[in-house]
Amino acid sequence: MTYTVNASILLTHLPLLERPAAAREAGFSAVEFWWPFAEAVPGDAEVDRFVAAVHDAGVTLSGLNFFAGDMPGGDRGLVSWVGREQEFADNIDVVVGIGERLGTRAFNALYGKRLDGVAPEAQDELAVQHLTAAAAGVARIGGTVLLEPVSGAPAYPLQTAQDALDVIARAGQTNIKLLADFYHLAANGDDVARVIETHAHEFGHIQIADHPGRGEPGTGTLPLASWIERSRQLGYDGYIGLEYQASQPDPFAWVANFG
């Protein structure tokens, strides 16, 4: 199994720049991150430190989020956020620059929550514009934009796989693909097995956590091993992103007995 450790939700007892090396020490060769900076356009020195931490750890940065706003404060992306267009546009170049330096090719663009006082149609129109621009940006390095349904945020309009696929169809870009986070889909009541049967061959990425609780595999009721196996059988050949909240001192103890 080719796992990638989401080092924004795992290994959080360590400073962020120490997490790539910790993932490597734990036996993994790849990491992924949410946007690791406080601003859409961090300073060059800050970007250099992040790039060096990944490079020096000897791991691949398999995935990176676009700037999503204040995630701890409840923001969930700028793709559809009317009024923050310049931040998103400026962030594209930074994302592409990091991807070019580290060989990253998958970039998650969180859609954003519905805004009070702004017509949903206006947000959705902006989202298509932003996704098209992001797709063009990452295409310069052979990259793919990922679009993800999210749970736990009622104002986030992409709740099911079909919600995201409909947006992808409207954008009409071949390098925008579904991020199938099995936890989020299950938590939102989507039929994950059906989604796999229908769309696994076109998944851009898979992430896992168990449900309920968002813990590691084995802490909930989801048949994650069989879902992953079926996705592989149907053509998905990418990483499996580990994006869960660890419930025990060794966050990766489950791996030896998984499957």
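Scope of the values below: all heavy atoms of this structure, side chains included, with no hydrogens, waters or symmetry mates.
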*Between L14 and A22, which heavy-atom pair has the shortest distance, and what is it?*
CD1-CB, 3.4 Å
*Donor-acceptor under 3.5 Å (D190 side chain, A161 main chain)*: yes
*E148 side chain near L158 side chain, heavy-atom distance below 4.5 Å*: no
*For Q233, what residues pass the side chain to side chain donor-acceptor pair (under 3.5 Å) criterion, not counting sequence neighbours?*
R230
_Pair listing, side chain to side chain donor-acceptor pair (under 3.5 Å) test, anchored in residues 166-175, at least two apart_ = Q162-D166
*If you take all heavy atoms of V82 and A122, which pair is closest and at what distance?*
CG2-O, 4.2 Å
*Between E216 and F258, does a side-chain contact (heavy atoms from CB on, under 4.5 Å) hold up when you go through it step by step?*
CA-CA 11 Å; E216 57 266 55; F258 187 65; over 6 Å; no
*Between the main-chain N or O of V79 and the side-chain N or O of H130, is there a donor-acceptor pair closer than 3.5 Å?*
yes
*Could you state whether L131 and L126 fall into the same hydrophobic cluster, counting links through intermediate Ile, Leu, Val, Met, Phe, Trp or Tyr residues with side-chain heavy atoms under 4.5 angstrom apart?*
yes
*Which atom of V94 lies closest to which atom of A40, heavy atoms considered*: CG2-O, 4.0 Å
_Least distance between heavy atoms, L147 atom then A164 atom_ = CD2-O, 3.7 Å
*Using a cut-off of 6.0 Å, state whether more than 12 heavy atoms not belonging to D44 lie near its atom CG.*
no
*Would you give the length of the straight line joining atom CZ of F33 to atom CG of L16, rounded to the nearest 0.5 angstrom?*
4.5 Å
*Which residues share a side chain to side chain donor-acceptor pair (under 3.5 Å) with E202, sequence neighbours left out*: H199
*Between I240 and R232, does a side-chain contact (heavy atoms from CB on, under 4.5 Å) hold up when you go through it step by step?*
CA-CA 11 Å; I240 305 298; R232 296 287 195 206; 3.7 Å; yes
_Under a 3.5 Å distance rule, please check whether R214 uses its side chain to pair with a backbone N or O of H184 as donor and acceptor._
no
*Distance from I176 atom CD1 to I168 atom CD1, nearest 0.5 Å?*
7.0 Å
*Does R114 use its side chain to pair, donor to acceptor, with the backbone of A119 at less than 3.5 Å?*
no
*Show your working on ring-ring contact (aromatic ring centres under 6.0 Å, His included) between W254 and Y3 and close with a plain yes or no.*
CA-CA 13 Å; W254 61 272; Y3 295 119; 5.6 Å; yes
_Contact check, side chains of L102 and V51, non-hydrogen atoms, under 4.5 Å_ = yes
*In Å, rounded to the nearest 0.5 Å, how long is the span from OG of S8 to CE of M71?*
8.0 Å
*Are the side chain of K177 and the backbone N or O of A106 linked by a donor-acceptor pair below 3.5 Å?*
no
*Are the side chains of W34 and I9 in touch, meaning some heavy atoms are under 4.5 Å apart?*
yes
*Output yes when a side-chain donor or acceptor of D210 lies under 3.5 Å from a complementary backbone atom of L222, and no otherwise.*
yes
*asked:* Are the side chains of F182 and I196 in contact, using a 4.5 Å heavy-atom criterion?
replied: yes
*Please report the shortest heavy-atom distance between P42 and W35, naming the atom on each side.*
CD-CZ2, 3.9 Å
*Which pairs pass salt bridge (Lys or Arg N to Asp or Glu O under 4.0 Å) with one or both residues in residues 74-95, sequence neighbours excluded?*
D75-R84, R84-E87, D93-R140
_Looking only at the aromatic ring of each residue, does the gap between the centers of F88 and F66 stay below 6.0 angstrom?_
yes
_Within the 4.5 Å heavy-atom criterion, are V54 and V59 side-chain neighbours or not?_
yes
_Working note: R105 + I141, criterion side-chain contact (heavy atoms from CB on, under 4.5 Å); need CA distance, chi angles, decisive distance, verdict._
CA-CA 7 Å; R105 297 296 179 261; I141 57 170; 3.8 Å; yes
*Without swapping roles, check the side chain of Y244 against the backbone of P251 for a donor-acceptor pair under 3.5 Å.*
yes
*Evaluate the side-chain proximity of P217 to L242: yes if any heavy-atom separation is below 4.5 Å, no if none is.*
no
*Before accepting this row, confirm whether a basic side-chain N of the pair R101/D48 lies closer than 4.0 Å to the acidic partner's carboxylate O.*
yes
*Gap separating the CG atom of N91 from the CG atom of L78, nearest 0.5 angstrom*: 7.5 Å
_Y239-L10 co-clustered via ILVMFWY side chain contacts under 4.5 Å_ = no
*asked:* Quick check against the 3.5 Å criterion: does Y156 have a side-chain atom that pairs as donor or acceptor with the backbone of Y111?
replied: yes
Enumerate donor-acceptor pairs with a distance under 3.5 Å from any side-chain N or O in residues 25-32 to protein atoms, sequence neighbours excluded.
| from | atom 1 | to | atom 2 | distance (Å) |
| --- | --- | --- | --- | --- |
| E32 | OE1 | H205 | NE2 | 2.9 |
| E32 | OE2 | N6 | ND2 | 3.3 |
| E32 | OE2 | Q207 | NE2 | 2.9 |

*asked:* Could you go through E125 and E121, starting from their C-alpha distance and side-chain angles, then the distance that decides it, and tell me whether this counts as side-chain contact (heavy atoms from CB on, under 4.5 Å)?
replied: CA-CA 6 Å; E125 181 179 349; E121 295 81 4; over 6 Å; no
*Drop me the distance from I92's CD1 to F107's CZ, to the nearest 0.5 angstrom.*
11.5 Å
*Mark yes or no for whether N188, through its side chain, and T160, through its backbone, hold a donor-acceptor pair below 3.5 Å.*
no
*asked:* Are L178 and Y183 connected into the same hydrophobic cluster when the rule is that any two of I, L, V, M, F, W, Y join if their side-chain heavy atoms are below 4.5 Å apart?
replied: no
*So, T221 side chain and H211 main chain: donor-acceptor pair closer than 3.5 Å or not?*
yes
*Closest approach of P157 and D163, non-hydrogen atoms and distance?*
O-OD2, 3.5 Å
*Could you work out the complete set of other residues in the hydrophobic cluster of L146, with links drawn between I, L, V, M, F, W and Y side chains under 4.5 Å apart?*
L179
*Please round to the nearest 0.5 Å and tell me the distance separating atom CZ of R49 and atom CZ of F37.*
9.0 Å
